[in-house]
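Down below is the structure, laid out as structure tokens.
Letters go in sequence order (proteins before strands), and every chain restarts at 1.
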Amino acid sequence: MIKARVTVTLKNGVLDPQGKAIEGALGALGFDGIGQVRQGKVFDLVIETADKAKAEADLKAMCEKLLANTVIENYSISLA
Amino acid sequence: MKSAVVQLPGLNRDRDMIAALTKISGKAPVTVWQTETQIPDVDLIVIPGGFSYGDYLRCGAIAARMPVMQAIRAKAEQGVRVLGVCNGFQILLEAGLLPGALMRNASLKFVCREVKLEVANADTPFTRAYSKGAIIRSPVAHHDGNYFADAETLQTIEGNGQVVFRYAEGTNPNGSINDIAGVMNAKGTVLGMMPHPENLIEAAHGGSDGRGIFASALEVIAA
């Protein structure tokens with residue numbers, strides 16, 4: 001069994017209205033000096049295999065096919 | 001000409017779309033459920049609006065991976081006309097049948113109001129009832145209609161006349177880049193748009209500016 005975490009973030013240059021709103025709200029709470037907030041997604045997956053290489057290849061395919069929209073998002077994969 | 005309306009869980013504008021197609025073409029469209037792998041022989045396939053799969057993951061992301069999309073892709077490759085409205089547009093983008101992506105509205109608010117659209121390209125199977133530069137009224141109702149494409153894609157679609165509709169007269173409701181409200185594929189057979197032309201087709205709607213899109217696509221334009 002392999003535990004994996006996929007992180008999906010917006011590409012640089014893609015406007016993130018939600019991140020902007022969070023940035024504003026943090027400022028309103030008195031947190032100063034926040035240069036930027038970008039919102040992303042985290043997926044925790046459990047994969048029923050012992051084959052690390054296969055899991056990595058499968059995770060990459062999952063990201064390309066579904067978990068990320070590569071027009072606007074980047075992804076990274078880490079195995080526990 | 002014959003049409004089909006695609007149905008998926010969470011889509012809720014399918015009845016409006018069926019009514020519009022029936023009234024304009026005089027023939028009820030066939031309905032196609034998401035698990036179908038074959039689409040009947042039709043001239044126009046419409047993916048209506050709504051909130052397929054609750055907008056989970058990203059708007060249209062799950063719907064775009066359903067079996068029916070493979071069938072739609074095959075039909076589109078054969079040159080069958082495909083129209084996606086609102087969530088249908090999001091689904092076509094997620095399926096890779098159209099370039100770009102739709103993001104959360106810049107205002108972060110759901111917008112439900114009327115906008116003005118400029119017909120940026122009237123030389124398409126969907127807009128030949130209009131003249132280029134015509135300004136038409138259209139309702140919009142969405143939370144994620146903020147069109148985005150990278151600089152290279154934008155240059156390509158602008159250069160090829162793939163931008164079919166733009167929000168006009170300062171009515172851009174969502175922050176879309178270049179005021180883009182509707183785009184088509186390079187072949188000109190697949191159109192996606194955020195506004196809802198099916199909700200402005202008769203006197204009871206307060207106008208019929210949206211009629212031309214269906215009349216064009218179904219070739220029922222009055223001579």
Side-chain angles (χ1 to χ4, degrees), chain A residues 3-31 34-48 54-79, chain B residues 52-53 55-67 69-70 73 87 89-111 142-157 172-180 183 185 192:
Chain A
K3 285 186 178 172
R5 171 163 284 187
V6 171
T7 308
V8 175
T9 52
L10 283 174
K11 286 183 177 174
N12 286 335
V14 175
L15 181 74
D16 178 11
Q18 295 175 105
K20 279 266 173 234
I22 295 163
E23 193 181 311
L26 288 173
L29 285 171
F31 293 102
I34 296 166
Q36 195 185 36
V37 177
R38 306 279 282 169
Q39 182 178 313
K41 295 188 186 96
V42 168
F43 303 89
D44 286 324
L45 295 92
V46 177
I47 301 169
E48 304 289 346
K54 184 181 181 304
E56 269 185 333
D58 284 351
L59 283 161
K60 189 166 187 302
M62 289 177 212
C63 288
E64 292 284 338
K65 287 187 173 176
L66 182 64
L67 299 180
N69 178 343
T70 55
V71 174
I72 47 171
E73 294 170 329
N74 290 320
Y75 60 85
S76 63
I77 298 163
S78 64
L79 301 185
Chain B
S52 60
Y53 287 89
D55 283 346
Y56 293 170
L57 187 60
R58 296 177 304 274
C59 296
I62 312 276
R65 276 84 185 169
M66 288 298 120
M69 288 311 296
Q70 290 299 333
R73 192 187 308 274
N87 196 209
F89 183 19
Q90 293 161 340
I91 293 169
L92 289 173
L93 289 163
E94 279 285 344
L97 286 168
L98 289 173
L102 286 158
M103 320 215 5
R104 184 54 52 95
N105 293 344
S107 65
L108 296 175
K109 293 192 177 93
F110 189 96
V111 290
H142 59 251
H143 206 166
D144 296 75
N146 184 351
Y147 184 80
F148 176 85
D150 60 44
E152 195 185 331
T153 307
L154 209 54
Q155 201 179 355
T156 307
I157 63 172
N172 184 339
N174 51 38
S176 285
I177 199 160
N178 291 12
D179 294 327
I180 291 172
V183 294
N185 63 347

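With a 4.5 angstrom heavy-atom cutoff, A:V14 touches chain B via backbone and side-chain atoms both. For A:I72, the part lying under 4.5 angstrom from a heavy atom of chain B is the side chain only. Heavy atoms closer than 4.5 Å to chain A are found in the side chain of B:L108, but not in its backbone.
Between chain B and the options A:L67, A:V71, A:L10, A:L66, the largest number of non-hydrogen pairs under 4.5 Å is found for A:L66.
Nearest heavy-atom pair across B:A106 and A:P17 is O-CB, 3.9 Å.
Proximity to chain B among residues 54-62 of chain A is not found for any residue, judged by heavy-atom separations below 4.5 angstrom.
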Can you pull every donor-acceptor pair closer than 3.5 Å across chain A and chain B?
unit_1: A:K41; atom_1: NZ; unit_2: B:L57; atom_2: O; d: 3.1
unit_1: A:K65; atom_1: O; unit_2: B:R65; atom_2: NE; d: 2.7
unit_1: A:K65; atom_1: O; unit_2: B:R65; atom_2: NH2; d: 2.7
unit_1: A:L66; atom_1: O; unit_2: B:R58; atom_2: NH1; d: 3.1
unit_1: A:L66; atom_1: O; unit_2: B:R58; atom_2: NH2; d: 2.8
unit_1: A:L67; atom_1: O; unit_2: B:R58; atom_2: NH1; d: 3.0
unit_1: A:N69; atom_1: ND2; unit_2: B:E94; atom_2: OE2; d: 3.3

